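Below is one structure, written out as structure tokens, with a few remarks after it.
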There are 2 protein chains.
Amino acid sequence: MSKPIYLDYNATTPLAAEALDAMTEALGDAWGNPSSNHAYGHKARAVVDTARAQVAELLGAQPDEIVFTAGGTESDNAAIVGVAEALAERGRHLVISTVEHPAVDLACAYLETRGFSVTRVPVDRRGVVPADEVIGACRNDTTLVSIMHGNNETGSIQPVREIGAAVRGRGIVFHCDAAQSVGKLPTEVDDLNVNLLTVAGHKLYGPKGVGALYIRRDTPFAGFLRGAGHERGLRAGTENVAAIAGLGAACELARKELPQRERHMREVRDRLESNLRRAIPDLVVHGEGAERLPNTCYAAFPGADALETLSHLEGVATGSGAACHSGKSVPSKVLRAMKVPNAVGRCTLRMTVGRGTSPADVDRAADLIAAAVGTARQAAV
Amino acid sequence: MSKPIYLDYNATTPLAAEALDAMTEALGDAWGNPSSNHAYGHKARAVVDTARAQVAELLGAQPDEIVFTAGGTESDNAAIVGVAEALAERGRHLVISTVEHPAVDLACAYLETRGFSVTRVPVDRRGVVPADEVIGACRNDTTLVSIMHGNNETGSIQPVREIGAAVRGRGIVFHCDAAQSVGKLPTEVDDLNVNLLTVAGHKLYGPKGVGALYIRRDTPFAGFLRGAGHERGLRAGTENVAAIAGLGAACELARKELPQRERHMREVRDRLESNLRRAIPDLVVHGEGAERLPNTCYAAFPGADALETLSHLEGVATGSGAACHSGKSVPSKVLRAMKVPNAVGRCTLRMTVGRGTSPADVDRAADLIAAAVGTARQAAV
């Protein structure tokens, strides 16, 4: 059996050849502990330094503003908890949106059990949080605002620049979870107006288990992982040298091919979407009308339960906007936050393309998806 | 120039060929997201499942008691904070020793800023914490005791079994940081009497950036990294599939070769130590008289400042028991906790062998170290 067409790039990406090469070299050759003051340690330290410069360059940051982490979840947790605790004397109020990733949302929920309060600003029907409502939710005791760049489900781009400009002017720290947008869109930290920004290696053709947290100089930060003083005391734990090398290589690759990568993904995503619309005219594209990640098609096929559709879809690997709870398909939290009716929400698939997706892939995938939707609709009758 | 002889296995180990193979295969073939419900995800999930069974088997645990983390530091932080917070209603007192790894000690220090109190039980001159003093430090409001297995500097083995038997009988949760002993000594969780146990991949010929936390069933645990519900809700973050595969392979290798690995390391370590003693008769072996990790020789060369010695030691890569602060060599916290005089402490090297160290390596290394010590002693005159 040939491999299914992969349309789940927002879940994870295959490792780029450049990243694999960097990892393989580091695993064989730079296995020392970067903290060791001898030849083996120096070699590992040099690999980490190179990668730090590569990540910084993609983000338009300085190398000493990049802290390596175990991934997007740790970066988000560290940003939220590390800033909130650093500024707890000044205030204990945070502002996020209702569509943040669980790594942001549940870090905030944890702080709520520790005497902090959190305002979750609702999104509109396109899945976009209005900048003025975020800005209006800030109070005198607000210390941190965290708004993602591109949503992982809808792909909807949030008004990060405007929010950053307004809240940073009021002395509030601004964090942005850019796990889904780094490597898909320009994500320069000065352009986005952020104090902190989350990067996840495996969303941009780098390895799993590694990420970065951009921390602008002079940002109050109390730390998160604690131990021996790695990463200038900001993040303890022996550096994951090989994965860091892979992340660095993935960032360099992203920087080099970003304009054409973005254009390519947008072309195949748009082609997929129009193919699907031709086959299923009542298709509902979530986030339509909003600026979206160039690779994301999040769409409902009314009358075709998503999990039922997936059960008939052998040749395409893709995600759904619904999960099975007690035998019933329930729409995702993001779809509910967008006030998508349940009957539509539970028929939603998340189809996400990548740098390796060809026009032929999406043509074939659209045929297979349309056929599976047809079967699922019949099953529902 | 030929490569220096590596005598710094407690800092980190090279990746075993078996672990590298497992990682390479996973990076190429199992790059899906284990949470994805399609062929790519299932393949990745299967790799994680296999590794979980391998780790569990080495520890004599059940697979569902193993949680993968980003390494020893995260495992320690999660154990300390995750248990203390889960039991905060019952009590807010913790007991550790004065020679715990910073990942334990500073997690406790963090909790001290959050209304917890911590008793740090002193060690004896061998670097061993007396079991009865740990047990005696427990109070009615003690919820957690954390004592390491083998100390990372001295190699001294702590009386984990006795402490576990006594405190667990009193309803106190017992965590053991076994980062340095897993793969060097038997570390079965029932034998060690622990509720939680920390494993660090890169200390046992597995990759950096991955570890495990053994959590015995029914142990109260509030979690640490928060986000999407990976690892049965106990640790969020997309699984680091390739590194997990590498850790699993390293654990299987350790299980297979543990008796001969332990014997081999003990032989070359003892040979190194007697070579050194012959050349430098006033050598002081820290932890002498205690049961020690079979690979660790932590020894002072009185009159030869450690950093001075290392500066003359080209052909051997090893660590020191002193660090440079404001231009002066200061003995490590562990040496100070053992009440080693400063003049001795600052002359300490940490020489740690591994499965790849040969008798010829340690013979040559002892010659080079003795020569460097001689040069350092002359420099001090």
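The figures that follow rest on heavy atoms only: side chains count, while hydrogens, waters and symmetry mates do not. On a predicted model such as this, the values are computed, not experimentally measured, just so you know. Chain naming here is simple, since letters A, B, ... match the order of the sequence lines and numbering starts at 1 in each.
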> Taking side chain as C-beta onward, heavy atoms only, is B/Asn240 less than 4.5 Å from A/Asn240?
Replying inline: yes
>> Tell me whether A/Tyr40 contacts the main-chain N or O of B/Pro14 through its side chain, where contact means a donor paired with an acceptor under 3.5 Å.
In response: no
> Where do A/Arg235 and B/Ala70 come nearest, in terms of heavy atoms and distance?
Replying inline: NH2-CB, 4.1 Å
>> Donor-acceptor check, side chain of A/Asn77 to backbone of B/Leu225, threshold 3.5 angstrom: yes or no?
In response: no
>> Given heavy-atom pairs under 4.5 angstrom as the criterion, report whether the side chain, backbone, both or neither of A/Thr24 touches chain B.
In response: neither
> So, for B/Phe224 and A/Tyr110, is the gap between ring centers shorter than 6.0 Å?
Replying inline: no
>> Does any part of the side chain of A/His38, heavy atoms only, come nearer than 4.5 Å to the side chain of B/Glu314, both counted from C-beta?
In response: no
>> Any salt bridge linking B/Arg114 with A/Glu85? Criterion: basic side-chain nitrogen under 4.0 Å from a carboxylate oxygen.
In response: yes
> Should we count CG of B/Asn37 as having more than 12 external heavy atoms under 6.0 Å?
Replying inline: no
> Given the options B/Thr238, B/Leu313, B/Leu15, which has more heavy-atom pairs under 4.5 Å with chain A than any of the others?
Replying inline: B/Thr238
> Among B/Gly209, B/Ala78, B/Ala222, who wins on heavy-atom pairs under 4.5 Å with chain A?
Replying inline: B/Gly209
>> Heavy-atom pairs under 4.5 Å with chain A: which of B/Thr69, B/Thr73, B/Val316, B/Thr13 has the most?
In response: B/Thr73
> Heavy atoms, side chains only, cut-off 4.5 Å: are A/Asn33 and B/His202 in contact?
Replying inline: yes
> Would you call A/Leu27 and B/Leu20 a side-chain contact if the rule is heavy atoms closer than 4.5 Å?
Replying inline: yes
>> Please classify the contact between B/Phe68 and chain A as side chain, backbone, both or neither, with a heavy-atom cut-off of under 4.5 Å.
In response: neither
> Based on non-hydrogen pairs under 4.5 Å, which of A/Ala107, A/Gly246, A/Ala236, A/Gly28 is most in contact with chain B?
Replying inline: A/Ala236
>> So which atom in B/Gly32 and which in A/Thr12 form the shortest heavy-atom distance, rounded to 0.1 Å?
In response: C-CG2, 3.6 Å
> Side chain, backbone, both or neither: which part of A/Ser320 has a non-hydrogen atom closer than 4.5 Å to chain B?
Replying inline: neither
>> Which atoms of B/Ala242 are under 4.5 Å from chain A, going by heavy atoms: the side chain, the backbone, both sets, or neither?
In response: neither
> Does the ring centre of B/Trp31 sit less than 6.0 Å away from the ring centre of A/Tyr205?
Replying inline: no
> For the residue pair B/Asp8 and A/Ser36, what are the closest heavy atoms and their distance?
Replying inline: OD2-OG, 3.2 Å
> Taking atom NZ of A/Lys43 and atom NZ of B/Lys3, what is their separation to the nearest 0.5 Å?
Replying inline: 6.5 Å
> For atom CD of B/Glu25, is the number of surrounding heavy atoms from other residues, nucleotides or ligands below 6.0 Å larger than 12?
Replying inline: no
> For B/Leu106 and A/Gly227, which heavy atoms make the closest approach, and how far apart are they?
Replying inline: CD1-O, 3.2 Å
> What part of A/Ala243 lies closer than 4.5 angstrom to a heavy atom of chain B: side chain, backbone, both or neither?
Replying inline: neither
> Any idea which of B/Asp105, B/Asp76, B/Thr318 has the most non-hydrogen atom pairs under 4.5 angstrom with chain A?
Replying inline: B/Thr318
